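Below: one structure, written as C-alpha cells.
In this chain, residues are counted from 1 in sequence order. In this text, all values refer to a predicted model and were calculated from it rather than measured experimentally. Whatever order the structure lists them in is the order used to number ligands and atoms, beginning at 1.
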Amino acid sequence: MTKQDILRQYFGYTAFRGGQEALIDAVLAGRDVLGIMPTGGGKSLCYQIPAMLLEGITLVVSPLISLMKDQVMALKAVGIPAAYINSSLTPEQISLVCRNMLDGRYKIVYIAPERLEVGSMIDLIRRLPIAMLAVDEAHCISQWGQDFRPSYLKIIDFLENLPRRPILAAYTATATQAVREDITAILQLQNPLEVVTGFDRPNLSFSVITPKGKPKKLLSLVEARKEKSGIIYCSTRSAVERVCDSLREQGISATRYHAGLTDEERRENQDAFIRDEMAVMVATNAFGMGINKSNVNYVIHYNMPMSLEAYYQEAGRAGRDGTPAECILLFNLGDVRTATTLIESSEDKVDLTEAEREQLRTLRFMRLNQMIDYCKTTKCLRGVILDYFGQNHSESCGSCSNCQTTFTQRDITREAQMIFSCVKRIYDKLGYYVGKALVVSTLQGSTRERVCALGLQDLSTYGLMREKQRADIRALVDYLIERGYLAEGEYNTLRMNPEAANVLFRGEQVTMPMKEMTLEDVVEELHQAKQTKRSRKKRPQATVNEYHSATDILYERLKAVRADIARFEHVPPYIIFSNATLMDMAMKKPVSVDELLTVSGVGSVKAERYGAYFLEAVVDFMNEKIKF
Ligand code: ADP
Ligand code: MG
Ligand code: ZN
C-alpha cells in the first residue's frame with residue numbers, strides 16, 4: 001500500500017492538502033518532523049497515514065481525553081484499529097488495551113502524557129516496537145504558549161526510557177517563533193523537517209462589531225442563525241451563565257461549558273452539542289481544544305480574547321469541514337479593561353523568577369495590544385491575521401466586515417483642535433493633567449460634580465462639543481491617541497504630544513476614516529444578502545435553481561439519514577460523514593457504490609458500512625423527481 005492508497009481507501013480523499021505529503025514522506029524516510037498548520041488544516045492525517053505504513057505501533061500524545069476519544073472513534077469508523085489510554089478507562093480496560101497492544105492489534109494508540117511516567121506503562125511500552133511518537137498539540141510543551149501543560153515535559157524522560165528512539169513528529173497550530181523553538185529544543189527533535197503551511201482559511205469570513213448593547217446584538221445574531229450550530233465564547237464563567245440563560249429564555253437551544261461545572265455536566269453538555277442535540281454552546285476558552293466537531297457554522301466572541309493567536313484558534317473551530325462559516329467578534333472598551341485585569345491578576349503556572357515573570361507580563365500585554373488593534377482596525381481583518389502569522393496576502397479579502405464596509409476619510413481637524421485646547425486649558429488651570437473621562441465631560445458641557453468642583457465649567461472650551469454624543473467624543477480622543485497626538489500617561493491621565501502643536505498652530509490637517517455604515521449594519525446586511533441570495537437562487541432561471549433546490553432538499557435528507565445512523569451507533573453525526581461530504585454527495589447524487597466512492601470523504605470501509613442507507617436515500621429521491 002502507498003500513502004495515496006490509504007488516503008483514498010480509508011479516508012476517501014483524492015488529494016493531499018498543503019504540507020501533508022512532505023511531512024508524511026519525511027516520517028516514512030525516518031526523519032523527525034515539526035508540522036505547523038492551522039486548525040482544520042489536516043494535521044491528524046500527517047501521523048495517521050505513516051502510522052499505517054510503518055512497521056510497529058505509533059503512539060500519539062494528546063492533551064485531552066475528549067480529543068483522544070474523538071480521534072479513535074473517527075479512526076475506527078474508517079476501519080483503522082486504534083485505542084486510547086487515559087484516566088477515563090478502568091484498570092481492567094487498560095489491561096485489555098495493553099494485551100491487545102502486545103498482540104499487535106493496533107497501529108495507533110493515543111496516550112495521555114500523565115500515563116508516560118507510570119512504571120507499569122513504561123515496562124509495557126519497552127517491550128513493544130514503537131515506530132513513531134507523534135506529539136499532537138505540541139505547543140502544550142511551551143510555557144510561552146496559551147496552553148502550557150507541565151505533563152508534556154514528561155515526554156522527554158519517557159523517551160530516554162525506551163530501548164530505541166522512535167521517529168518524533170510534533171504538530172501544532174501555533175506559529176509563534178518562541179513556541180516553535182521551544183518545541184524543537186525541549187523535544188530534542190533531530191534535524192527535523194519543519195513545514196509551515198499557509199494560515200489562511202478561505203471559507204471563514206471575519207467580522208468585528210462594536211454594538212451599543214452586546215446582549216441584544218448577540219440575540220439577534222443567534223436568532224438569525226437559528227438552524228445552525230455555533231459556539232459563543234465569553235471571557236468569564238459568570239458571563240457564560242448570563243449569556244446562556246438569556247439565550248434559553250428566548251427559546252434558543254443553548255448549553256454551557258466552563259471550569260466551574262462538574263465533570264459530569266461538562267461531559268453531558270459537550271456531548272449534547274457534538275451530537276447536534278443542542279445548537280449553541282456558550283463557553284469559556286476551557287471549551288474547544290478537544291473538540292473536532294466539524295460542522296460548527298459560526299463562532300461568536302462575546303468578549304475579546306487575550307491574543308490574536310487565541311482568537312484565531314478559537315474562531316478557527318468554525319467551518320472545519322471546509323464549508324463557509326462566520327467568525328464574529330463583539331467588541332467594546334469594557335473588554336480592554338477586563339483583559340487588562342486578567343493579565344494583572346493572572347497566576348503563573350510554574351515557578352518563575354521575577355525577571356521571567358516580568359517578561360511574561362510584557363509579552364502578554366504585547367499580545368493584548370495586537371488583539372485590540374485587530375478590533376479597531378479599518379484594514380482587511382484577514383490581512384491583519386495573516387500579518388500576525390507572517391504570511392503574505394492580498395490587500396483586501398473582499399469578505400471580512402472591513403472589506404465590506406466603505407470608509408470615507410473625514411476631516412476632523414476642527415474637532416482635534418477643540419480637544420487639544422481643552423486638554424491644554426485644563427492643564428493651565430489646574431497645573432496637572434486629568435483623565436480622558438473628565439476631558440470628554442468638559443467638552444460635552446457636563447454638569448458632573450467633578451467638573452464643577454474643579455471649576456472646569458469656566459473654561460472657554462467647556463461645552464464646545466455639546467451637540468455630540470459622549471461615545472463619539474471618546475472615539476475621537478481614542479483616535480487621536482492612536483495617531484500619537486495624545487498619550488495616556490501615569491494614572492491614565494491624558495497628555496498632549498508635541499505633534500499636537502502642528503495641528504493647533506501650524507495648520508496640519510487630521511483625517512479619520514469613518515464608516516459609511518456601522519459595522520453591525522454591514523454584518524446584518526451581509527447575512528441578509530446571503531439569505532436572500534439563497535432564496536433567490538430558488539426562484540428565477542428554471543434549470544439552475546431547480547438544480548440548487550434539488551441539491552438542498554437531498555442534502556437535508558442525507559443529513560436525516562446520518563442522524564439516524566449516528567443515534568443508532570451512539571456516535572456524533574460528523575463521525576459518520578462530515579457536512580462537506582454530505583454536500584458533495586447531494587451534488588454528485590451517486591446511485592452505485594462506485595459512484596459513492598468518488599464522493600470526497602467516502603472511503604471503502606464507510607462505503608461498505610453506511611453506503612446502502614445513503615444510496616437508498618439518493619435513489620428514492622431520484623425516483624420522486626422523475627415522477628414529478
Ligand atoms: P487539525 O488537526 O489540523 O485541526 P484535522 O486533522 O482534524 O485538522 O482535519 C480537519 C478536517 O480536514 C477533517 O475533517 C479531515 O478529515 C479533513 N482532511 C484532512 N486532510 C484532508 C485532505 N487531504 N482532503 C480532504 N479533507 C481532509
Ligand atoms: Mg488536530
Ligand atoms: Zn478583508
**Message:** Heavy atoms only: which of Ala580, Gly601, Gly40 lies closest to atom 1 (P) of ligand 1?
**Reply:** Gly40
**Request:** Check whether more than 12 heavy atoms from other residues, nucleotides or ligands sit under 6.0 Å from atom CD of Glu608, and answer yes or no.
**Result:** no
**Asked** For Asp136 and Lys43, what are the C-alpha separation, side-chain angles and deciding distance, and is it a salt bridge (Lys or Arg N to Asp or Glu O under 4.0 Å)?
**Response** CA-CA 8 Å; Asp136 202 7; Lys43 291 183 283 294; over 6 Å; no
**Message:** What protein N/O/S atoms are there under 2.8 Å from the Zn ion (ligand 3), waters excluded?
**Reply:** Cys380 SG, Cys397 SG, Cys400 SG, Cys403 SG
**Prompt:** Which value, rounded to the nearest 0.5 Å, describes the distance between Leu582 atom CG and Leu554 atom CG?
**Reply:** 9.5 Å
**Asked** Which heavy-atom pair separates Gly40 from Arg17 by the least distance, and what is that distance?
**Response** O-NH1, 3.0 Å
**Fill in**
So for Gln20 against ligand 1, with non-hydrogen atoms under 4.0 Å, the contacting part is side chain
**Residue list, side-chain contact (heavy atoms from CB on, under 4.5 Å) with Ala22, at least two apart or on another chain** = Leu193, Val195
**Item:** Per-residue contact class, Tyr13 against ligand 1 - non-hydrogen pairs under 4.0 Å
**Value:** side chain
**Message:** Strictly inside 4.0 angstrom of atom 10 (C) of ligand 1, do you find any protein heavy atom?
**Reply:** yes
**Request:** Run the numbers for me: atoms of ligand 1, each under 4.0 Å from some heavy atom of Phe16, listed by number.
**Result:** 23 (N)
**Prompt:** In this structure, are over 12 heavy atoms from other groups packed under 6.0 Å from Tyr10 atom OH?
**Reply:** no
**Asked** Looking only at protein heavy atoms, which one is nearest to atom 6 (O) of ligand 1, and how far off is it?
**Response** Ser44 OG, 2.6 Å
**Prompt:** What are the two closest heavy atoms between Val282 and Cys234, and how far apart are they?
**Reply:** CG1-SG, 3.9 Å
**Message:** Using a 3.5 Å cut-off on N or O atoms only, is Gln71 in polar contact with ligand 1?
**Reply:** no
**Request:** Answer yes or no for Lys293 and Phe273: cation-pi contact, defined as NZ/CZ to six-membered ring centre under 6.0 Å and angle to ring axis within 45°.
**Result:** yes
**Item:** Which of the ligand 1 atoms, numbered from 1, are nearer than 4.0 Å to a heavy atom of Pro38
**Value:** 3 (O)
**Request:** For atom 7 (O) of ligand 1, grab the closest protein heavy atom and report residue, atom and distance to one decimal in Å.
**Result:** Arg320 NH2, 3.1 Å
**Request:** Look only at interatomic distance and state if Gly42 has a nitrogen or oxygen under 3.5 Å from any nitrogen or oxygen of ligand 1.
**Result:** yes
**Prompt:** At their closest point, which heavy atom of His570 faces which heavy atom of Arg275, and how far apart are they?
**Reply:** C-NH1, 3.4 Å
**Asked** Does the distance from a Lys or Arg side-chain N to an Asp or Glu carboxylate O, for Arg267 and Asp263, drop under 4.0 Å?
**Response** no
**Where ligand 1 meets Ala15 - atom numbers and elements under 4.0 angstrom, heavy-atom basis** = 22 (C), 23 (N), 24 (N)
**Message:** By the definition side-chain contact (heavy atoms from CB on, under 4.5 Å), identify the one residue from Val135, Ile186, Leu168 that meets it with Ile155.
**Reply:** Val135
**Request:** Verify, without hydrogens or angle tests, whether Glu137 (side chain) and Pro63 (backbone) share a donor-acceptor contact under 3.5 angstrom.
**Result:** no
**Asked** Rounded to the nearest 0.5 Å, how far apart are CG of Leu153 and CD1 of Ile141?
**Response** 5.5 Å
**Item:** Side chain, backbone, both or neither: Ser578 near ligand 1, heavy atoms under 4.0 Å
**Value:** neither
**Message:** Does ligand 1 come near enough to Arg17 that some N or O of the ligand is less than 3.5 Å from an N or O of the residue?
**Reply:** yes
**Prompt:** Going by heavy atoms, is Ser294 under 4.0 Å from ligand 1?
**Reply:** no
**Prompt:** Any heavy atom of Asp321 sitting closer than 4.0 Å to ligand 1?
**Reply:** no
